[in-house]
Visitor: 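This is the structure I want to talk about, given as structure tokens.
These figures come from a predicted structure and were not determined experimentally.
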Amino acid sequence: MRMLKLSPRRTLALAAVMVISVATNALAAFSWSNPAGSNANFDWANGQNETNLFGSPSVSTAGFVFFPSNFVANSVNGNAVSVYDKAEVDIFTKPNFDLQQILVREVGDYAITGAGPNAVQASATLFTLNLASPMNPPTSATLNMTPSMPITTGSGTWGGIAVQTFPSGVTQIHLILNNTLQATSSQGSAAKIEKKVGQIEILLIPEPGMAGLCLAGAGLLLARRRR
């Protein structure tokens, strides 16, 4: 994998993020197997997890997809179980493109058996910090879960989704995704919830000037074809 060359602006922005992370004791402990890289749409760097339940993602031009193997809260006979992880990464769009949206989707399953009260719950929050203005507070979006949480009976699948839209001109962000699964049960009962898939989709748009050039070029091509 080729080494990423960061501009002085990016270097200063990343340094600011590191200072903020240290100040809040928020540094993740486990680097991804692919913590940095580049594709046709964006570069990424400093990919890492706090407890490593997320695992390492598959990366494509569409974003990041996680397939956790043991992100599960399993409660049996009255004990309460809570598991947590935080994934974070820096994202830089390729020249002439702005970030339009970050879309997060999660999918998992759950099962509750025995007399209650029993419950399982999934929660997650997406945070993004504009690296061009690292001293501004991050923006956040809480994942909307289906079914509504907590779930107290039965078994099935659950899902969550959150969308964060950016103003024009955002090209570099620090992204954090927090995720917690909780399960509680009564004596003689069991409650389990597991996360199976997590997706961070990255949607880009041409910068305003590039969009105008694209439209002008398309118009010129159409005019030539009509001759």
Side-chain angles (χ1 to χ4, degrees), residues 1-22 26-28 31-49 54-66 86-105 125-141 161-178 198-225:
M1 181 179 294
R2 66 182 180 85
M3 295 293 291
L4 293 178
K5 295 182 178 179
L6 299 182
S7 67
R9 184 180 178 184
R10 288 186 179 183
T11 302
L12 288 173
L14 289 177
V17 169
M18 291 180 67
V19 169
I20 293 170
S21 296
V22 170
L27 283 176
S31 291
W32 298 347
S33 61
N34 48 354
S38 181
N39 59 41
N41 286 354
F42 62 90
D43 301 331
W44 75 96
N46 302 315
Q48 51 193 339
N49 304 323
F54 272 102
S56 297
S58 298
V59 187
S60 71
T61 54
F64 306 88
V65 182
F66 298 85
K86 174 178 68 178
E88 57 184 306
V89 66
D90 300 313
I91 299 168
F92 308 94
T93 66
K94 291 296 187 179
N96 303 318
F97 284 92
D98 290 348
L99 277 165
Q100 182 183 34
Q101 285 184 336
I102 295 291
L103 175 63
V104 174
R105 296 186 182 93
T125 305
L126 168 68
F127 297 91
T128 58
L129 176 69
N130 185 352
L131 290 175
S133 305
M135 296 305 151
N136 290 340
T139 56
S140 63
I161 187 169
V163 179
Q164 195 164 113
T165 302
F166 299 94
S168 177
V170 176
T171 61
Q172 47 187 311
I173 61 169
H174 181 69
L175 181 149
I176 296 174
L177 180 60
N178 292 335
Q199 179 186 22
I200 300 173
E201 185 176 351
I202 300 170
L203 303 178
L204 306 179
I205 56 173
E207 291 178 346
M210 285 299 297
L213 287 174
C214 290
L215 288 174
L220 180 61
L221 180 60
L222 181 60
R224 287 180 176 175
R225 286 184 176 179

Visitor: Over all heavy atoms of both residues, which pair between Ala40 and Lys94 is shortest? Give the atoms and the distance, please.
Guide: O-CG, 3.2 Å

Visitor: What closest approach, in Å, do Thr93 and Asp98 show between heavy atoms, and which atom pair accounts for it?
Guide: CG2-C, 4.3 Å

Visitor: Roughly how far, to the nearest 0.5 Å, is the CG atom of Leu129 from the CD atom of Gln172?
Guide: 10.0 Å

Visitor: Quick one: closest heavy-atom pair of Phe92 and Ala45, and the distance?
Guide: CE1-CB, 4.4 Å

Visitor: Looking at CG of Asp90 and CG of Asn46, how far apart are the two atoms once the value is rounded to the nearest 0.5 Å?
Guide: 4.5 Å

Visitor: Sequence neighbours left out, what passes side chain to side chain donor-acceptor pair (under 3.5 Å) with Ser33? Give chain and number order.
Guide: Ser56

Visitor: What's the spacing between Leu126 CG and Ile161 CD1 if we round to 0.5 Å?
Guide: 11.5 Å

Visitor: Between Pro134 and Ala132, what is the shortest heavy-atom contact and its length?
Guide: CD-C, 3.5 Å

Visitor: What heavy-atom pair brings Val59 and Phe42 nearest, and what distance separates the two atoms?
Guide: CG1-CZ, 4.1 Å

Visitor: With rounding to the nearest 0.5 Å, note down the distance linking CD1 in Ile102 to CZ in Phe166.
Guide: 5.0 Å

Visitor: So how far is it from Ser168 OG to Ile205 CD1, rounded to the nearest 0.5 Å?
Guide: 6.5 Å

Visitor: Would you confirm whether Asn49, through its side chain, and Gly55, through its main-chain N or O, come within 3.5 Å as a donor-acceptor pair?
Guide: yes

Visitor: Measure up the Trp32 and Phe66 rings against each other and bin them: parallel (under 30°), tilted (30 to 60°), perpendicular (over 60°).
Guide: perpendicular

Visitor: Taking side chain to side chain donor-acceptor pair (under 3.5 Å) as the definition, give me every residue that meets it alongside Asn178, ordered by chain and number, with sequence neighbours left out.
Guide: Tyr84

Visitor: In the structure I gave you, are the side-chain heavy atoms of Asn34 and Pro57 within less than 4.5 Å of one another anywhere?
Guide: yes

Visitor: Just so I know, are the side chains of Pro206 and Phe97 near enough to count as touching, which here means a heavy-atom distance under 4.5 Å?
Guide: yes

Visitor: Checking side-chain contact (heavy atoms from CB on, under 4.5 Å) between Ile202 and each of Leu99, Asn41, Leu175, Ile173, which is the one that passes?
Guide: Leu99

Visitor: Could you report the tightest heavy-atom contact between Asp43 and Ser38, atom names first, then the distance?
Guide: OD1-OG, 2.5 Å

Visitor: Could you pull out all residues at least two apart from Thr165 that satisfy side chain to side chain donor-acceptor pair (under 3.5 Å)?
Guide: Gln101

